[in-house]
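Since the structure comes first, as structure tokens, the remarks are kept for the end.
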Amino acid sequence: GNEGQQDLEYDLTPTYEVGTPFAPRNEKINYTVSKVLNSQLSKVDLTASTSASGSRDVVLNYDGDPSNAFGNANDGIQWRTAVVFRADMLKDYVGMDLSSVEVFIGDGAVTSFEARVWQMGSYNVPGPGDLIASQAYTVTPNDWNLITLDTPVKLNGQDLWVGYYIEAPANSFVASTDDGTNYNPDGSWIAFGPGWSHLGDGNPDYNLNWNIHAHLTG
């Protein structure tokens, strides 16, 4: 309720119980159709496709081709990077699995890497919510790296945060981005400490998208 003296502005994000696509075996599904008198009938041409599949794989991303890479010339880095796919983007994919994360790694040594997935955060604090998946991986520099999650993450309608944690020594420029041609703020989240911000905050030249792809299956 809103018992104050100002209008309450809020957002609602519906989330769904996912994982069981069938009705319980011993329960009857009540399904009725109201009778419509004098209804107009029409012929519908249904053509089956021989290439139809039981799955529809999807790749979610904001970025273009790898173009830049970030690090620290004077010190090592311990960064978290992420892209977020909002609920309105994901409504058609509820029930599918985030099965793998693909990232491009730039030039330099990487001492530690983990692909990470976070829950939806709050509306008034920038950044994701709780960490729900983390998987270590030995990345290859100057190349795309596909990390298959041991336990896929089921999409339930919430925002989905996908990214990685990376450690690298000084002078290793490993966190790769595109050239920013199709920049989207949700493609550029970064955390150096407890708080999250955009890579380009304070420097619009860095309004770039991370080279991070989310692979959905199911």
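The structure displayed is predicted, hence computed values, not measured ones.
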Interatomic spacing from CZ in R86 to CE in M120 - rounded to 0.5 Å:
7.5 Å

Is the shortest heavy-atom distance from the side chain of V110 to the side chain of S172 under 4.5 Å?
no

For V84, is there any backbone N or O sitting under 3.5 Å from a side-chain donor or acceptor partner on Y62?
yes

Rounded to the nearest 0.5 angstrom, the CD-CG distance for Q119 and L131 is 9.5 Å

Does either side chain, that of N211 or that of S176, offer a donor lying less than 3.5 Å from an acceptor on the other one?
yes

Within the 3.5 Å criterion, strictly below it, is a donor on S99 or D97 matched to an acceptor on the partner's side chain?
no

Student check: side-chain heavy atoms of Y93 and V58 closer than 4.5 Å
yes

Has the side chain of H215 got a donor or acceptor atom that lies under 3.5 Å from a matching backbone atom of S100?
no

Distance, nearest 0.5 Å, that separates CG of D92 from CG of L216
11.5 Å

Where do W196 and T81 come nearest, in terms of heavy atoms and distance?
CZ3-C, 4.2 Å

Can you check whether E167's main-chain N or O pairs, donor with acceptor, with T111's side chain at less than 3.5 Å?
yes

Rounded distance [0.5 Å steps], CG in D159 versus CG in D88
8.0 Å

Applying ring-ring contact (aromatic ring centres under 6.0 Å, His included) between W161 and each of W118, W210, W189, report the one that passes.
W189

CG on L60 to CG on L98, rounded to 0.5 Å
8.5 Å

Is there a donor-acceptor contact under 3.5 Å from the side chain of N68 to the main chain of D178?
yes

I'd like to know if I190 and V139 are part of one continuous hydrophobic network [Ile/Leu/Val/Met/Phe/Trp/Tyr, side-chain heavy atoms within less than 4.5 Å].
yes

Would the number of heavy atoms belonging to other residues, nucleotides or ligands and lying under 6.0 Å from CG of D7 be above 12?
no

Does the side chain to side chain donor-acceptor pair (under 3.5 Å) test come out yes or no for T15 and Q158, once each step is laid out?
CA-CA 6 Å; T15 59; Q158 295 186 19; 4.9 Å; no

Which atom of Y10 lies closest to which atom of L8, heavy atoms considered
CD2-O, 3.6 Å

ring-ring contact (aromatic ring centres under 6.0 Å, His included) between Y165 and W79, intermediate numbers included
CA-CA 6 Å; Y165 168 81; W79 291 355; over 10 Å; no

Using modelled atom types and a 3.5 Å cut-off, is there a donor and acceptor pairing between side-chain atoms of N145 and backbone atoms of D143?
yes

Using only atom types and a distance under 3.5 Å, with no angle test, would you say the side chain of N156 pairs donor to acceptor with the backbone of V18?
no

What one should report as the nearest heavy-atom pair of A69 and F173 is CB-O, 3.2 Å

Distance-minimising heavy-atom pair for P169 and A109
CD-O, 3.4 Å

Mark yes when over 12 heavy atoms from residues, nucleotides or ligands other than N203 sit less than 6.0 Å from its CG; otherwise mark no.
yes

I'd like to check L208 versus F70 (side-chain heavy atoms, cut-off strictly below 4.5 Å). Are they in contact?
yes

Nearest heavy-atom neighbours spanning I212 and D63:
O-OD1, 4.0 Å

Just wondering, do N209 and Y183 contact through their side chains at under 4.5 Å, heavy atoms?
yes

To the nearest 0.5 angstrom, please state how far the CD1 atom of I147 sits from the CD atom of Q135.
8.0 Å

For the student: nearest non-hydrogen atoms of N207 and G200, plus distance
OD1-CA, 3.5 Å

What pairs of residues pass the ring-ring contact (aromatic ring centres under 6.0 Å, His included) test when at least one of them lies in residues 127-156, not counting sequence neighbours?
F104-W144, W144-H213

